[in-house]
J.: 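Handing you a structure now.
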2 protein chains.
Amino acid sequence: MTIGHEKPSDIFKERLRAARESLRQMSQAALAKESGLPPSSIAHFEAGTRKPSFDSLRKLANALSVTTDFLLGRTHNPEGAAEADPLYRDMQKLNDENRRQAADFMRFLAEKHDKEAGKK
Amino acid sequence: MTIGHEKPSDIFKERLRAARESLRQMSQAALAKESGLPPSSIAHFEAGTRKPSFDSLRKLANALSVTTDFLLGRTHNPEGAAEADPLYRDMQKLNDENRRQAADFMRFLAEKHDKEAGKK
DNA sequence: GATAAACATGTCGAAATCGCCATGACCATC
DNA sequence: GATGGTCATGGCGATTTCGACATGTTTATC
């Protein structure tokens with residue numbers, strides 16, 4: 001099953017905390033310094049009592065080196081911009097023929113995984 | 001050419017207009033309807049007199065099927081780079097092990113393609 | 001228990017966006 | 001000239017985030 005039906009603002013606070021703690025291992029104070037935002041704003045964001053503005057969202061994503069799409073819950077991919085994702089970069093180099101091959105291979109992996117997983 | 005050193009808010013209005021006109025060929029009214037935002041807000045965004053809030057940004061990206069990172073000018077990639085690409089999207093569904101295998105395979109294809117291309 | 005770090009929570013005025021609505025410009029086609 | 005579609009611009013009150021600051025709570029270490 002896919003990720004959930006939480007509200008965008010709820011996803012955001014979880015993503016922000018996940019990126020800060022698990023991914024970057026920073027304190028709120030450290031992220032505040034890195035992003036140029038006041039520490040209280042970070043706390044409010046993670047508490048869900050505020051949603052970041054245009055500029056704040058940008059600063060957060062830059063400081064954490066994550067995509068804004070990840071913070072907003074629009075993609076599962078935690079790390080780096082899609083462009084910065086080495087997988088995606090490799091993907092960009094593929095021609096149509098190679099893309100087809102890669103797609104087939106991934107389909108094969110997925111089916112194999114389904115069989116191994118059995119019924120749940 | 002690369003994008004330059006304009007302010008984030010300036011980049012945004014250009015990206016929004018580019019996505020709406022060139023990419024989706026919608027009128028402001030059409031985008032307004034699609035996103036659920038008032039037409040005047042779209043106009044303000046493209047004029048640069050307003051910057052979108054958390055929710056508005058999300059609605060815009062969804063309606064246009066582009067990444068928020070693109071709208072914010074954090075990536076040069078025109079289209080919804082990651083999640084709009086079916087191949088990349090499929091890869092998100094794989095578990096870590098299969099994801100690595102798929103990555104290896106694509107890296108192999110990419111390198112092979114580089115060799116065939118010869119010089120840089 | 002004392003101290004400190006990390007965080008939660010809330011208050012405050014200032015500034016910004018919010019949706020809505022009106023007006024005017026521009027440019028087609030009639 | 002008249003009509004209609006597209007967009008720019010700005011005013012209005014309402015809502016929200018802004019930065020700054022104060023006050024607790026929890027947890028760990030001494």
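Chain letters run A, B, ... following the sequence lines, proteins first, then strands; residues in each count from 1.
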J.: Tell me, for nucleotides 16-30 of chain C in 5' to 3' order, what letter each nucleotide earns: B for a base near a protein heavy atom under 4.0 Å, S for only sugar-phosphate near one, - for neither?
T.: -SBBBB---------

J.: Can you check whether Leu71(A) reaches Pro52(A) side chain to side chain, under 4.5 Å on heavy atoms?
T.: no

J.: Ignoring backbone atoms, establish whether Gln28(B) has a side-chain N or O less than 4.0 Å from OP1 or OP2 of dG5(D).
T.: no

J.: To the nearest 0.5 Å, what is the distance between CZ (Phe105(A)) and CE (Met106(B))?
T.: 10.5 Å

J.: What's the CD-C1' distance between Glu46(A) and dC7(C), to the nearest Å?
T.: 9 Å

J.: Going by heavy atoms in the side chains, are Leu60(A) and Leu31(A) under 4.5 Å from each other?
T.: yes

J.: Send over the distance from Ile42(B) CD1 to dT9(D) P, rounded to a whole Å.
T.: 16 Å

J.: Could you state the atom-to-atom distance from CG of Leu31(B) to C1' of dC7(D) in whole Å?
T.: 13 Å

J.: Collect all protein-nucleotide pairs involving nucleotides 25-30 of chain D in which both atoms are nitrogen or oxygen and the distance is under 3.5 Å.
T.:
none

J.: Side chain of Ala47(A): nearest nucleotide among dC7(C), dT9(C), dA8(D)?
T.: dT9(C)

J.: Could you check whether Asp55(B) pairs with Arg58(B) (Lys NZ or Arg NE/NH1/NH2 to Asp/Glu carboxylate O, under 4.0 Å)?
T.: no

J.: Which one, dC7(D), dT9(D), dC7(C), comes nearest to the side chain of Arg17(A)?
T.: dC7(C)

J.: Does the pair Glu34(B)/Arg24(B) count as a salt bridge with the N-to-O cut at 4.0 Å?
T.: no

J.: How would you list, by chain and number, every residue that makes a salt bridge (Lys or Arg N to Asp or Glu O under 4.0 Å) with Asp96(A), sequence neighbours excluded?
T.: none

J.: Taking atom OG1 of Thr67(A) and atom CG of Asp69(B), what is their separation to the nearest 0.5 Å?
T.: 5.0 Å

J.: Between Glu14(B) and Arg17(B), is there a side-chain N and carboxylate O pair less than 4.0 Å apart?
T.: no

